[in-house]
Amino acid sequence: MRNETRFEPGLKDSIRRAVRELYGYDTTDAEISLQETRREFEGDVTLVVFPFIKKSGKSPEKTAQEIGTFLTSSNKQVGSFNVVKGFLNLLIDDAYWLEFFRSAVEDPAVLLDLRRHPHLFIPPGHLMVEYSSPNTNKPLHLGHIRNNLLGYSVSEILKAAGHDVRKVNLVNDRGIHICKSMLAWRDFGKGETPESSTLKGDHLVGKYYVLFDKKFKEQTEKLISGGMSREEAEKNAPIQLEIQEMLRKWEAGDVETIRLWKMMNGWVYEGFDETYRKLGVDFDKVYYESQTYLLGKKLVEEGLAKNLFFKKEDGSIWIDLSDEGYDEKLVLRGDGTSVYITQDLGTAQLRFDENPGLEKLIFVVGNEQEYHFKVLKEILRKLGRPWADGLFHLSYGMVDLPSGKMKSREGTVVDADDLIAEITDQAEMITRAQGKLDAYDTFEAKQLYHDLGMGALKYFILKVDPRKRMLFNPAESIDLNGNTGPFIQYTHARICSVLRKGSTLVRGNASGYQSLTGPEKQLLKLIHAYPEMLRNAALGLSPALAAGYSYEVAKAYNHFYHDHIVVDETAPDVSEFRIRLSRLTALVIKESLGLLGIVAPERM
RNA sequence: GGUCCCGUAGCUCAACCGGAUAGAGCAACUGCCUUCUAAGCAGUAGGUUGUGGGUUCGACUCCCGCCGGGAUCACCA
């Protein structure tokens, strides 16, 4: 975690003053490198003095010594210091930590509200986050899970940092691939419905999508054995010709086709809603591609009129982006129909039109579409849209299995609903074996198993830097010990248990407590760092920072808990302080887990 | 082939803008429940940060070459 802003303007200003008075020049911010003191040395913050030695003309040790002496006498936050090579370790006085503790006890908003910290404050913006973006021809899988969890968490982080955030979904509900499941159901489904089959709607539709593929393969193989080339066979399989016909009918608004489409998509949406509910994600608005795919043609005309685009002989329209390091890019087909990017140009325009003041549009989409989003942004920029710079592709890495990539055709896809069920079952087994929940009724217990299972899954996925590929091993499922969601949830439940026992001992604000033990101070420092973590997570769009933070806090609390008696009738001052410290710890754990969409249970 | 991303302990991941002896968890091994939740705590062991150069007081981090892996470059989305 960055520390340079942590001890607020005070410390940096003091350093600046020290350098000016001692060596007679003004430092730049970049030269003042503050970091957390490594555990093996004594201190809280460390100043790297190498940048100053040219001006001081003295050795690193001597320079550090001089700055340290200046700081202890000019800044009362600095209690003492020591020097190791070119590193000046500063010890922040306990009084500072205790003062912070009391202000947080009085008013927890000090922790949660960035407006309370001028040096951490981010000007609030009006943002939109698009995530999930499923196809309506098959159920959600592990890849979608990462997308959904990221999109939701990033939105929560941005909201917590003070932004106005709109979460949106863009459902890919039309097109030739959607027709595949429709056709297979119509011809082979015998009227099967989610009710009659007891299959979840999205799974039922997915079943017919797979069936289509099977029939298609059978037909092409047959044609190939009849002497046709593979390419020809794939073009001429009867079922292939039929879906093309179906898509034409759909686009022409054919009543029967539309009816079938609506019915089957309806099933899918019911299925998706259930999965979204289990994942705990939601949207302020859902866009449907069937309503947006025609948008964007006006922008194409505009680009043509401005000579940014050009028309080829066959009537197709292109933009030449070779000067920007990209290729020529098609923006409209020869027959005048939209391609993916046409639509995206249109929806971007629509969103900025619909949301006056919108500053940033964040697309949570896998990194295989990086090229697409670069091109999209570049085109909009060339079209003179001032908001084009506000487009941001939050490009996340794929989720790999031990066997390699997930391939739907090879049946190695990990289904989202199955995974959620398995993890929840596992959480239930382990929790029951612990036998700490006798007071819970069935409903509460079920809810808890779900919260724990999802805690494990969400933490596992979100703790990894979004940009990186990650590996998920379903066979080992998910650990519940160590650096995991349930470990942090457990710590929260543990604190709640302590608080239930000790709440009557708390009356004042522990003002009698004067000196901190090591573990107490460590915990307090981490609590103190919450706003800074929030700021960094928001600026970096990184749930991983919130995950890492919550883990650090949980570890520090368990250490503290192991070494100290919290509730002690015979030492009311100490108990009062430690109970209040526990309360603040529970608060930052609950908040940081909340940023990840993870519930912090009171018992487990 | 062009462009981009990745390579850290047996495994999964950290390491802030270039800072000190590269950190956690899992797996392995040792201890700790008569005391507030042992889903815990403490410890041992595990590394030439893919590789070779360069820049720097200082490189996992920046630059160049190589090796290995991935993505992308559709009148698909």
Side-chain angles (χ1 to χ4, degrees), chain A residues 1-4 29-30 33 35-41 46 48-51 53-54 60 84-87 89 133 135 172 175-177 289 312 314-318 325-327 329-335 337-341 343-344 366-372 374-375 395 397-398 400 402 404-405 427 430-431 433-434 436 452 460 463-465 467-473 476 479-484 486-491 493-502 536 540 544-545 548 551-552 554-555 557-559 561-568 575 578-579 582 603-604:
Chain A
M1 233 138 288
R2 287 183 176 194
N3 291 319
E4 62 194 61
D29 261 20
S33 162
Q35 56 182 307
E36 189 159 355
T37 304
R38 294 181 68 96
R39 208 166 291 174
E40 58 265 41
F41 302 103
T46 295
V48 183
V49 301
F50 287 108
I53 59 175
K54 268 186 197 155
V84 181
K85 295 192 274 183
F87 298 90
N89 301 319
S133 316
N135 287 344
N172 186 238
I176 197 108
H177 50 299
E289 196 191 307
K312 289 196 176 174
D314 58 6
S316 59
I317 299 177
W318 298 73
Y326 313 118
D327 303 310
K329 190 79 191 169
L330 177 85
V331 293
L332 199 68
R333 289 195 189 98
D335 62 5
T337 59
S338 298
V339 288
Y340 185 41
I341 199 141
Q343 178 204 171
D344 271 7
N367 61 9
E368 76 271 11
Q369 293 193 35
E370 274 173 9
Y371 183 79
H372 170 77
K374 281 179 186 164
V375 168
S395 165
M398 298 290 101
D400 285 329
K405 264 191 88 161
I430 291 169
T431 308
Q434 300 276 351
K436 293 175 187 169
L452 294 177
F460 186 88
K463 76 172 178 182
V464 181
D465 185 330
R467 294 181 298 267
K468 293 190 178 162
R469 279 186 98 83
M470 64 176 291
L471 192 117
F472 184 90
N473 188 343
E476 292 172 8
D479 288 329
L480 304 178
N481 301 319
N483 186 0
T484 67
F487 166 81
I488 300 158
Q489 291 173 307
Y490 171 77
T491 306
R494 191 183 219 187
I495 297 172
C496 290
S497 169
V498 172
L499 294 177
R500 281 191 293 272
K501 189 181 169 198
N536 289 334
L545 292 181
Y551 177 60
E552 289 299 321
K555 247 193 342 182
Y557 187 85
N558 283 322
H559 180 75
Y561 177 88
H562 182 263
D563 286 6
H564 299 72
I565 294 168
V566 178
V567 179
D568 181 359
S575 293
R578 290 182 181 161
I579 291 165
S582 298
R603 305 170 197 267
M604 64 185 272

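Computed from a predicted structure; not experimentally measured. In what follows, every chain begins at residue 1, and chains take the letters A, B, ... in the order their sequences are listed.
- In this structure, N367(A) does not reach the rG70(B) phosphate: none of its side-chain N or O atoms is under 4.0 Å from OP1 or OP2.
- Among the protein residues, V48(A) comes within range of the nucleic acid bases, having at least one heavy atom under 4.0 Å from a base atom.
- Nucleic acid contact class of Y340(A) (heavy atoms, under 4.0 Å, all strands): base.
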For a side chain to side chain contact (heavy atoms under 4.5 Å, CB included) check, start with the C-alpha distance between M470(A) and D400(A), then their side-chain angles and the critical distance, and finish with the verdict.
CA-CA 6 Å; M470(A) 64 176 291; D400(A) 285 329; over 6 Å; no

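- At least one donor-acceptor pair under 3.5 Å links the side chain of S575(A) to the backbone N or O of D568(A).
- Residue V84(A) is classed as a base contact, given a heavy-atom separation below 4.0 Å to a base.
- When heavy atoms are screened at a 4.0 angstrom cut-off, K436(A) is found touching base atoms of the nucleic acid.
- Applying the 3.5 Å distance criterion, the base of rA39(B) shares no donor-acceptor pair with the side chain of T484(A).
- Environment of CD1 in I176(A): crowded, with over 12 heavy atoms of neighbouring residues, nucleotides or ligands closer than 6.0 Å.
- Using a 4.0 Å heavy-atom distance criterion, L452(A) is classed as a base contact.
- Contact annotation for G325(A): no contact, since no heavy-atom pair falls under 4.0 Å across all strands.
- Nucleotides of RNA chain B nearest to Q343(A) and H559(A) differ in position, and the one nearer the 5' end is that of H559(A).
- Distance alone, capped at 3.5 Å, is enough to place a donor-acceptor pair between the S582(A) side chain and the R578(A) backbone.
- Here Y326(A) lies out of heavy-atom contact (under 4.0 Å) with every strand.
- In this model, the phosphate group of rA20(B) is not approached by any side-chain N or O of R39(A) to a distance below 4.0 Å at OP1 or OP2.
- With 3.5 Å as the limit, one finds a donor-acceptor pair spanning the side chains of N558(A) and R494(A).
- One finds no side-chain N or O of Y371(A) lying less than 4.0 angstrom from the OP1 or OP2 phosphate oxygen of rU72(B).
- Using bins of under 30°, 30° to 60° and over 60° for the plane-to-plane angle, the ring pair F460(A)/F472(A) lands in the perpendicular bin.
- In this structure, Y551(A) does not count as stacked on the base of rA24(B) under the 5.5 Å centre distance and 30° plane angle limits.
- Nearest-nucleotide assignment on RNA chain B puts the 5′-proximal partner with K468(A), out of S497(A) and K468(A).
- Nucleic acid contact for S395(A): none, since no nucleic acid atom lies under 4.0 Å from a heavy atom of the residue.
- Classification of rC33(B) as syn follows from a glycosidic angle within 90° of 0.
- Here F41(A) packs flat against the base of rA20(B); its ring centre is closer than 5.5 angstrom to the base's six-membered ring, tilted by less than 30 degrees.
- R469(A) comes within 4.0 angstrom of sugar-phosphate atoms only, judged by non-hydrogen atoms across all strands, and of no base.
- No donor-acceptor contact under 3.5 Å links the side chain of T491(A) to the base of rA39(B).
- Looking at heavy-atom distances under 4.0 Å, N135(A) makes no contact with the nucleic acid at all.
- For Q434(A), a side-chain nitrogen or oxygen approaches OP1 or OP2 of rA39(B) to under 4.0 Å.
- At a cut-off of 3.5 angstrom, counting only N and O atoms as typed in the model, there is a donor on one side and an acceptor on the other between the side-chain of N89(A) and the base of rA20(B).
- Within the 4.0 angstrom heavy-atom criterion, base atoms lie near V567(A).
- Contact annotation for M470(A): backbone-only contact, meaning every heavy-atom pair under 4.0 Å involves sugar-phosphate atoms and none involves a base.
- Among the heavy atoms of the strands, none lies under 4.0 Å from R467(A).
- Remark: R578(A) is not in phosphate contact with rC36(B), judged by side-chain N or O atoms under 4.0 Å from OP1 or OP2.
- Among the heavy atoms of the strands lying under 4.0 Å from L480(A) is at least one base atom, whether or not backbone atoms are also near.
- By the stacking rule of 5.5 Å between ring centres and under 30° between planes, F87(A) stacks on the base of rA20(B).
- An OP1 or OP2 oxygen of rA71(B) is reached within less than 4.0 angstrom by no side-chain nitrogen or oxygen of K374(A).
- D335(A) has no carboxylate O lying under 4.0 Å from a charged side-chain N of R333(A), or vice versa, which leaves the two without a salt bridge.
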